[in-house]
Structures are given as structure tokens and as C-alpha cells.
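Okay, structure first, notes after.
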Amino acid sequence: MLSKKRFLEALAIIFEMFPEAKGELHSKTPFQLLIATILSAQATDKGVNKATPALFSAYPDAKSLAVADISSIESKIKSIGLFHTKAKNIKAAAKMLMEDFDGELPKDKVLLQKLPGVGRKTANVVLGDAYGIPGIAVDTHLDRIAKRLNIVPQKASVLDVEKTLMRYIPEEKWVTAHHHLIFFGRYHCTAKNPNCENCPVLSYCKFGQERLGGFDA
DNA sequence: ATCCCGAGGG
DNA sequence: CCCTCTGGAT
């Protein structure tokens, strides 16, 4: 297992690889960020950004989305995938915001997760990016990277990954580290053909060393 | 553990 | 063709 000290060394290198990493979902308000983030589940941010202009043009806020027709919402987000569930969730979330939260986003992880379609990962993203509240959203990229670097057992849950990262990374860097790790996963340590051959943190990476050292897959 | 589910990439 | 994408609810 990679030690905390060694992980932080690797993380510092990853910071330098993508110095300007940040959230890439397009939004004008915290509410729109919430909706975009719900829509981003099992979808690319590019795909979400392609669909949200039409969605937010028609329904820019919780008040309008709460009373929108499901079929109208579906037609605007269909290209994203999982659109039945997501249309239902974002309308219900908007309605809940209006009825139970005075039309404003709760700045609290537990309350945010009461909204349909909002789990731990989405809550962390919204609180971190909209309000700067410390948190580490573990998505498919962070989960993969944590396991490749071997800071957690291969069978660890996303919650275990989050806890370990929170223990290893200083709190004031949680939000930025999250973005740097996302970029690293998205553009370098990819799921399919990771660029281990040209990786600055190869010397820290169990997965990469075994992959390059071992026989062809 | 399984379902949802279209677009893009290899 | 198969795999993956800033997951969540059952």
C-alpha cells in the first residue's frame, strides 16, 4: 500500500501536470450547478454542457423547473442518457427546494442529499464548487486512481476511498485536489488506455509498473 | 447486485 | 463491436 507521504509526493506532481484544473460544468447559479451535477452521473461533462443551455434557457431556476412538463425536460436532456430518471429527479429536486427549502440550496451535505438524484458525490461537488465547503467527491476517476496508486485495497468502497483521501490530504486542499485528480484521470490516467509509458508518477504507481513490466494484456 | 441509457472513443 | 462517462436508488 502506498504511504501517505509517498501519495502526497505523487499528488504534488499531479498538481503540476494540470495546474488549472477546475470544474467544467457550465452554470450561472448554484441551482444550475446542482442540476448540471445531477445530470452528470454516468455521463461526460461535455455531453451535459451540450444539453444544459436549452434546459436552463427554458427553466433557469427552481421555480420554473418545479412546474415543468416531464416530457419537455426529457426532450432537452435525452442526449445525456438515463434521461427518464434524471428528468424525474431534477423536477422533484426543484419542487423540494421550493416547498421545503424556501427556494434556496441548503449548504449542508446531509440536507442536500435529501434531494432526489443527489448522493454523496453530487453533494460534495456542489458544496465545494458553489460555496467552497471542503469535501472530496469520489467519482469513477478518483476511485480508479486511488486503486491504481494502491492507497486503498482494490475492493474498497467509494466511501473508503473518500475517507482515505480526507486523511491523506490537508482539508484546505480537498476541493482543489479533487479537480486535479479528475483531470489526471480524464486526460492521462484514463480508464481504457492509460498513458503509463509517459507518466510522471509511474514510480509511485503499482498498477503502472505491473502493467509495463508484465506481459501484454 | 442490478437497473437506468445515449454519445463518443478505440 | 465493446467500454466508459464527475452515480443514485432500489
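Computed over heavy atoms, backbone and side chain alike; hydrogens, waters and symmetry mates excluded.
- For the pair A/Lys206/A/Leu149, no side-chain contact is recorded, criterion being any heavy-atom separation below 4.5 Å from C-beta on.
- If A/Lys50 and A/Phe83 are placed on DNA chain B by their nearest nucleotide, the residue sitting closer to the 5' end is A/Phe83.
- Looking only at atom types and distance, the side chain of A/Asp129 has a donor-acceptor partner in the side chain of A/His179 under 3.5 Å away.
- A gap of 24 Å separates the P atoms of C/dT6 and B/dC3, to the nearest Å.
- Using a 4.0 Å cut-off between a side-chain N of Lys or Arg and a carboxylate O of Asp or Glu, A/Glu162 and A/Arg120 qualify as a salt bridge.
- By the 30° and 60° cut-offs, the orientation of the rings of A/Phe184 relative to A/His188 is parallel.
- Between A/Phe18 and A/Tyr187, the two ring planes are tilted [angle within 30° to 60°].
- Along DNA chain B, the stretch of nucleotides lying under 4.0 Å from any heavy atom of chain A spans, 5' to 3', B/dC4 to B/dG10.
- Side chain to side chain, A/Asp143 and A/Thr140 fail the donor-acceptor criterion of an N or O pair below 3.5 Å.
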Each nucleotide in nucleotides 3-10 of chain C should get exactly one letter: B, S or -. Can you fill that in based on protein heavy atoms under 4.0 Å?
BSBBBSS-
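- Heavy atoms of A/Lys78 sit under 4.0 angstrom from primed sugar atoms or phosphate atoms, though from no base atom.
- Within the structure, no pair that satisfies the side chain to side chain donor-acceptor pair (under 3.5 Å) test touches residues 28-41 of chain A, not counting sequence neighbours.
- With respect to A/Glu9 and A/Lys4, no salt bridge is recorded, no charged nitrogen being found less than 4.0 Å from a carboxylate O.
- Across the C1' atoms, C/dC2 and B/dC5 are found 15 Å apart, a figure rounded to whole Å.
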